[in-house]
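What follows is a short report on a single structure.
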Amino acid sequence: MKKIALLSVLFILTACSSIKTNYDYDKDVDFTKFKTYAFSQQSMELQMDQLNKDRLFKAIKNELAAKGFTESGNPDVIIDIHVKGQQYQTATATTTGYGGYGGYYGYRGYGYGSGFTTTQVSYDTYTEGTLMIAMIDKNTNKLVWQGTGVKTIDENASAQKREENINYGVNQIMANYPPKAK
């Protein structure tokens, strides 16, 4: 159950800034031949809450439509979506205190005493979400393009902010499709 809850907030709750994206593609593929798509069965069964799942699919459909794609029962490409979360913890140590010396001993002499220090360690736990969008050529069943976005999750985002973040994240991931000819 914890895994399902984690997946429901992945990537979707991230802030719009500083998403890390990358992409990869098959250089031998003519991407102009792809005009229609359908989602993979695995994508349809993503383990996340329905509201965020609907937002994610809508964002992907909008990006694909902007690139000239239409959804079809007999598609050129299959869109496969993967969502993953990884929890991390950082530690920050702060040392405070003072050392001492002073007090007389002897004539106009100084003695040395001890001081003290304290170290406080603060821990910060955060989750990093990853969204991967892959395109598979239906005729060859080969992966032809994939884009990935990674970002730290903001678990306190409002519903409106979640939708904005999803749209932004999908837009950034899909920005390099179709790949530019070299």
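The figures that follow rest on heavy atoms only: side chains count, while hydrogens, waters and symmetry mates do not. Position 1 is the first residue of the sequence, and the numbers go up from there.
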Can you find a pair of side-chain heavy atoms, one from Tyr177 and one from Leu64, that are under 4.5 Å apart?
-> no
Non-hydrogen atoms of Ser72 and Thr36 that approach each other most closely = CB-CB, 3.6 Å
Should we count CG of Asp124 as having more than 12 external heavy atoms under 6.0 Å?
-> yes
Test item: side-chain donor near acceptor, Asn165 and Arg162, under 3.5 Å | no
Got Lys33 and Asp137 here, is their nearest side-chain heavy-atom distance under 4.5 Å?
-> yes
Check whether Leu143 and Phe34 end up in the same hydrophobic cluster, where Ile, Leu, Val, Met, Phe, Trp and Tyr are linked by side-chain heavy atoms less than 4.5 Å apart.
-> no
Hey, any chance Phe69 and Val29 share a hydrophobic cluster, counting ILVMFWY side chains that come within less than 4.5 Å of each other, even indirectly?
-> yes
Answer yes or no: are there more than 12 heavy-atom neighbours, outside Lys67 itself, under 6.0 Å from its atom NZ?
-> yes
Nearest atoms (heavy-atom pairs only) where Lys53 meets Ser43 | CE-O, 4.1 Å
If you measure from OG1 on Thr70 to NZ on Lys61, what distance do you get to the nearest 0.5 Å?
-> 12.0 Å
Indicate if Ile78 and Val83 have the same hydrophobic cluster label, given that clusters are the connected sets of ILVMFWY residues with side-chain heavy-atom separations under 4.5 angstrom.
-> no
Are Val170 and Met132 grouped together when hydrophobic residues (ILVMFWY) are joined by side-chain heavy atoms under 4.5 angstrom apart?
-> no
From CD1 (Ile60) to CD1 (Ile81), nearest 0.5 Å = 3.5 Å
With rounding to the nearest 0.5 Å, note down the distance linking CD1 in Ile133 to CZ in Phe39.
-> 8.5 Å
Of all heavy-atom pairs between Asp26 and Asp28, which one has the smallest distance, and what is that distance?
-> OD1-N, 2.9 Å
Rounded to the nearest 0.5 angstrom, the CH2-CZ distance for Trp145 and Phe31 is 9.0 Å
Lys161 versus Glu164: any side-chain heavy-atom pair under 4.5 Å?
-> yes
Backbone N or O of Val144 within a donor-acceptor pair of the Gln146 side chain at under 3.5 Å?
-> no
With the 4.5 Å side-chain cut-off for hydrophobic clustering, are Met44 and Leu56 part of the same group?
-> yes
Counting only heavy atoms not in Gln160, do more than 12 sit closer than 6.0 Å to its CD atom?
-> no
Value rounded to 0.5 Å, distance of OG1 in Thr21 from CG in Leu131 | 11.0 Å
So which heavy atom on Ile19 is nearest to which on Gly169, and how close?
-> CD1-CA, 3.9 Å
Check whether more than 12 heavy atoms from other residues, nucleotides or ligands sit under 6.0 Å from atom CD of Gln120, and answer yes or no.
-> no
Look up atom NZ in Lys138 and atom CG in Asn74, then write down how far apart they are to the nearest 0.5 Å.
-> 4.5 Å
